[in-house]
Participant: 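Structure in structure tokens, see below.
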Amino acid sequence: MDDFKRLLKYVRPFWLIFLFAIVAMFLGAVFETATGILLVPIFDQFFQSPGAQSALPFDLNRLIPPDDWYRAWLM
């Protein structure tokens with residue numbers, strides 16, 4: 001813990017940049033996770049039976065046209 005406190009003394013003049021970097025890393029992690037969530041409906045359309053609907057967060061299946069798989073990939 002003493003090492004960490006010693007290192008924070010060097011960060012003190014740059015606290016605003018340090019805070020911005022922490023926030024940017026957090027937002028990057030959130031958006032990276034969102035990429036996977038957005039791909040789930042596309043793969044569900046190919047790997048499930050035609051009438052099956054999966055329970056997805058935010059009801060993302062409504063974004064994919066049900067009959068035209070090519071338009072789904074263009075989206």
Side-chain angles (χ1 to χ4, degrees):
M1 189 66 173
D2 292 332
D3 292 337
F4 186 66
K5 287 180 183 178
R6 184 174 54 89
L7 288 173
L8 282 178
K9 289 179 186 177
Y10 293 110
V11 174
R12 186 170 292 154
F14 307 102
W15 70 271
L16 192 60
I17 296 171
F18 182 71
L19 182 66
F20 177 73
I22 297 292
V23 170
M25 285 189 289
F26 177 75
L27 289 175
V30 168
F31 289 131
E32 190 70 29
T33 305
T35 303
I37 290 173
L38 290 174
L39 288 175
V40 167
I42 294 172
F43 287 108
D44 279 351
Q45 183 164 347
F46 290 107
F47 296 126
Q48 287 184 353
S49 61
Q53 292 287 331
S54 66
L56 292 173
F58 311 117
D59 191 26
L60 296 175
N61 277 338
R62 65 182 164 75
L63 299 175
I64 298 177
D67 297 328
D68 191 3
W69 65 270
Y70 183 71
R71 280 190 6 208
W73 279 103
L74 291 179
M75 246 188 228

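Atoms considered below: every heavy atom in the structure, side chains included; atoms not considered: hydrogens, waters and symmetry mates.
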Participant: How long is the span from the CG atom in Leu8 to the CZ atom in Phe18, to the nearest 0.5 Å?
Facilitator: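 The CZ atom of Phe18 is 6.0 Å from CG of Leu8, to the nearest 0.5 Å.
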Participant: Would you say Leu39 ends up clustered with Phe31 if hydrophobic residues are merged whenever their side chains have heavy atoms under 4.5 Å apart, either directly or through other cluster members?
Facilitator: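 Result: no, two separate clusters.
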Participant: What distance separates Phe4 CZ from Lys9 NZ, expressed to the nearest 0.5 Å?
Facilitator: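 Rounded to the nearest 0.5 Å, the CZ-NZ separation comes to 13.0 Å.
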Participant: With hydrophobic residues grouped by side-chain heavy-atom distances under 4.5 Å, do Trp15 and Ile22 end up in a single group?
Facilitator: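 Per the 4.5 Å side-chain linkage, Trp15 and Ile22 are not co-clustered.
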